[in-house]
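Structure first, commentary second.
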Amino acid sequence: MRVCVFCGSSPGTRPGYRAAAEHVGQTFAERGIGLVYGGASAGTMGILADATLAAGGRVTGVIPRALVDREVAHSGLSDLRVVADLHERKATMASLADAFLVLPGGAGTLEELFEVFTWAQLGLHRKPIALLDVDGYYQPMLRFLDHMATEGFLRPEYREMLIVDTDVAGVLDRYANHEISREMWSSEHTE
Ligand code: AMP
């Protein structure tokens with residue numbers, strides 16, 4: 001199994017963000033889960049990749065040519081794919097992975113989350129999407145998503161398809177139970 005992780009090019013202010021990224025990397029390596037990520041050595045991305053590699057895990061990085069210098073492409077990856085632009089990066093990361101995991105991050109991370117979320121709404125993929133809610137980081141956004149549903153701009157079943165957990169082991173268990181959502185999606189999209 002390969003999981004695509006979206007996360008910040010900054011490390012964030014709380015020590016919990018670093019610790020969570022390290023724990024995700026170690027857990028992936030222990031469970032033989034391949035990491036697919038943005039290929040940078042900066043911020044949470046670099047912390048995650050370093051932790052995965054240090055624990056003996058497999059890492060694939062996908063970075064646009066223009067960001068190789070700006071985000072400092074990770075030099076220790078056996079599989080670094082340099083692509084033309086941000087669109088190709090997202091498409092490549094999505095096609096390589098079986099599931100998505102979003103760690104704390106900024107606008108780039110949210111852009112990536114919302115693209116795979118909207119692709120799922122449109123039935124373009126059925127891969128599970130999870131948020132790792134470290135230190136409650138995503139609570140304000142989740143409240144806003146609830147507001148979108150209450151106000152009739154987001155169908156409640158789409159809101160519910162986002163997996164939210166505070167622990168990566170919980171996320172991985174919930175990926176395994178994802179068949180229920182798959183059925184929901186396929187019945188939705190054959191209507
Ligand atoms: P941030 O969360 O803003 O620190 O950004 C995290 C990662 O998202 C960085 O590697 C950015 O290059 C990347 N990113 C920003 N915008 C986009 C986009 N439109 N498509 C794909 N990746 C993006």
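Remember, it's 1-based here, ligands and their atoms both numbered in the order they're listed. Numbering starts at 1 and runs along the sequence shown.
Checked against a 3.5 angstrom limit, the closest N/O atoms of G106 and ligand 1 fall inside it. Taking any N or O of G108, backbone or side chain, at least one lies under 3.5 Å from an N or O belonging to ligand 1.
In this structure, I33 CD1 and F28 CZ are separated by 5.5 Å, a value rounded to the nearest 0.5 Å. Put simply, CG on L145 and OH on Y158 are 14.5 Å apart, with the number rounded to the nearest 0.5 Å. Considering CZ of R81 and OG1 of T92, their distance stands at 8.0 Å, rounded to 0.5 Å.
Residues D165 and R174 are paired through a salt bridge, judged by an N-O separation under 4.0 Å between the basic side chain and the carboxylate. Between E71 and R89 there is a salt bridge, with a side-chain nitrogen of the basic residue lying less than 4.0 Å from a carboxylate oxygen of the acidic one.
Contacts with ligand 1 closer than 4.0 Å are made by heavy atoms of both the backbone and the side chain of S9.
With ligand atoms numbered from 1 in the order given, ligand 1 contributes 1 (P), 2 (O), 5 (O), 6 (C) to contacts under 4.0 Å with heavy atoms of T109. Taking every heavy atom of E71 and a limit of under 4.0 angstrom, the matching atoms of ligand 1 come to 9 (C), 10 (O), 11 (C), 12 (O). Close approach of ligand 1 to G8 is summarised as follows: ligand atoms under 4.0 Å from at least one heavy atom of the residue are 2 (O), 4 (O). The distance from ligand 1 to the heavy atoms of L67 drops below 4.0 Å at these ligand atoms: 12 (O).
At least one heavy atom of C7 sits less than 4.0 Å from an atom of ligand 1. Contact analysis leaves G38 out of contact with ligand 1, as no non-hydrogen atom separation drops below 4.0 angstrom. Heavy-atom distances between A40 and ligand 1 stay at or above 4.0 Å for every pair. Residue-ligand proximity: M45 is placed with a non-hydrogen atom under 4.0 Å from ligand 1.
Taking the six-membered ring for Trp and the full ring otherwise, the centers of H125 and F100 sit less than 6.0 Å from each other.
If you check which protein heavy atom lies closest to atom 18 (C) of ligand 1, you get E111 OE1, 3.1 Å. Looking at atom 23 (C) of ligand 1, its nearest protein heavy atom turns out to be L86 CD2, 3.5 Å. Distance from atom 13 (C) of ligand 1 to its nearest protein heavy atom, with residue and atom name: R89 NH1, 3.2 Å.
Relative ring orientation between F117 and F114 is described as perpendicular, the plane-to-plane angle rising above 60° on a 0-90° scale split at 30° and 60°.
Partner of E22 under the side-chain contact (heavy atoms from CB on, under 4.5 Å) criterion, out of T44, I47, L48: I47 alone. Each of T60, V3, L77 was compared with Y37 under the side-chain contact (heavy atoms from CB on, under 4.5 Å) criterion, and only L77 meets it.
Using a 4.5 Å cut-off between side-chain heavy atoms of Ile, Leu, Val, Met, Phe, Trp and Tyr, with links allowed through other members, V72 and L53 fall into different hydrophobic clusters.
Closest heavy-atom approach to atom 7 (C) of ligand 1 within the set E112, K90, E115: this belongs to E112.
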